[in-house]
Q: 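First the structure, then my questions, so here it is.
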There are 2 protein chains.
Amino acid sequence: MEKEDIYNVREFDRFYTNILQLTDKYHLHTHFTILESRIMLEIDRGINTANQLLNLLKLDKGYISRVLKKLENEGLISKTTDQNDLRVKFLQLTPEGHKALAEINRRADNQIQELFQKVDPGQIKPIIQAMKKIQTELIDNN
Amino acid sequence: MEKEDIYNVREFDRFYTNILQLTDKYHLHTHFTILESRIMLEIDRGINTANQLLNLLKLDKGYISRVLKKLENEGLISKTTDQNDLRVKFLQLTPEGHKALAEINRRADNQIQELFQKVDPGQIKPIIQAMKKIQTELIDNN
DNA sequence: GTAATTTAGTTGACAAAAGCAACTTGAATT
DNA sequence: AATTCAAGTTGCTTTTGTCAACTAAATTAC
């Protein structure tokens, strides 16, 4: 890998860090933090234990535990003990959780649309192709 | 913009958030935080006041001020008053700051190389093309 | 040309985000 | 049965970041 390639990747990383900061702003208009939103999203997508969340988000388990407790206290998620392994608790969104997530998604979608507002419509598909290219080549090897 | 396009962008955003977390690990092997590293990098790249840093990184000015003071106390940067506007202080890396940054860059470069280790070498240029595509189309419109 | 406003940066007090380590309970290993 | 390991919780602490008040200098408005 050439010096210039590395330079370009690092430049993109800085660039995209900014983009992510912009699009993450959606959470400011809800009363959720980015992490809370992400957790609800992932639970909705099929993640169903704290431990899986841990592996995915690579955060401290104590911290995750607390955030989950907060979401539970707010009535957005519920926990049910796995009868095959009493240590594990399955996570699920409550109806209110689903409602909250729907709103979060609506706002996050809007942020993406705003981001693309000034983009030439003909360039949208090529951009997404570029994203998919990066994603498939850089497949998470952790 | 179609629903599916938005979905794909959001998926890429989650994906690339992970990538960034991985590559940001470089700072763990130095005694600098991501922000300190970033600040030294940007000063080296020509940013030369706290105010410019603020606009770039969009963080609180009190916070930036403190981080700069810490870097100054550690002898990594120095400040010199602008004689044309006594309120502003120009920032510059000290020789030790340059040395520290060189080490940070070495490690950050290594992280990128690690990330690309399992990538088919023939795909490196196409990936970088894809990154450039995204960057030029999504030009920071804040 | 002086008063009012704005701007760059600093500081104190505080809140939010995240990590560490000890602990509990249950499961798996020997 | 005893030991080790795994999932999740809790207390305590550190790190990261915000808010608001402040100083000093520059700019604008009268």
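Within every chain, numbering begins at 1; the chains are lettered A, B, ... in the order of the sequence lines, protein sequences first and strands thereafter.
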Q: Given C/dG9, is OP1 or OP2 found less than 4.0 Å from the side-chain N or O atoms of B/K79?
A: no

Q: Any protein N or O atoms within reach of nucleotides 23-28 of chain D? Criterion: under 3.5 Å, listing atom names and distances.
A:
from	atom 1	to	atom 2	distance (Å)
D/dA26	OP1	B/L86	N	3.0

Q: Reckon B/K89 has a side-chain N or O less than 4.0 Å from the OP1 or OP2 of C/dT10?
A: yes

Q: Short question: side chain of A/T94, backbone of A/G75 - any donor-acceptor pair under 3.5 Å?
A: yes

Q: Can you check whether B/V119 reaches A/L138 side chain to side chain, under 4.5 Å on heavy atoms?
A: yes

Q: Is the shortest distance from a Lys or Arg side-chain nitrogen in B/K99 or B/E96 to a carboxylate oxygen in the other one below 4.0 Å?
A: no

Q: Is A/D109 salt-bridged to B/R10, cutoff N-O under 4.0 Å?
A: yes

Q: Indicate yes or no: does B/R106 engage B/E103 in a salt bridge with an N to O separation below 4.0 Å.
A: yes

Q: Between C/dG9 atom P and B/N51 atom CG, what is the distance in whole Å?
A: 5 Å

Q: For the pair made of CG in A/L91 and C1' in D/dT9, what is the distance, rounded to whole Å?
A: 14 Å

Q: For each nucleotide in nucleotides 14-24 of chain C, reading 5' to 3', give B when a protein heavy atom comes within less than 4.0 Å of its base, S when such contact involves only the sugar-phosphate, and - otherwise.
A: ---SBBB----

Q: Distance check needed: D/dG17 C1' versus B/R38 CZ, whole Å only.
A: 17 Å

Q: Can you tell me how far P of D/dG8 sits from CD1 of A/I47, to the nearest Å?
A: 12 Å

Q: What is the distance, rounded to the nearest whole Å, between atom CD1 of B/I64 and atom C1' of C/dT11?
A: 16 Å

Q: Taking the inter-plane angle between the rings of B/Y16 and B/F12 on a 0 to 90° scale, is it parallel (under 30°), tilted (30 to 60°) or perpendicular (over 60°)?
A: parallel

Q: Identify whether the distance between the nearest side-chain nitrogen and carboxylate oxygen of B/K125 and A/E2 falls below 4.0 Å.
A: yes

Q: Do B/D82 and B/T49 have side chains that get closer than 4.5 Å, going by heavy atoms?
A: no

Q: In whole angstrom, give the distance that lies between atom CG of B/L68 and atom C1' of C/dT11.
A: 14 Å

Q: So, do B/M1 and A/I112 sit near enough that their side-chain heavy atoms are less than 4.5 Å apart?
A: yes

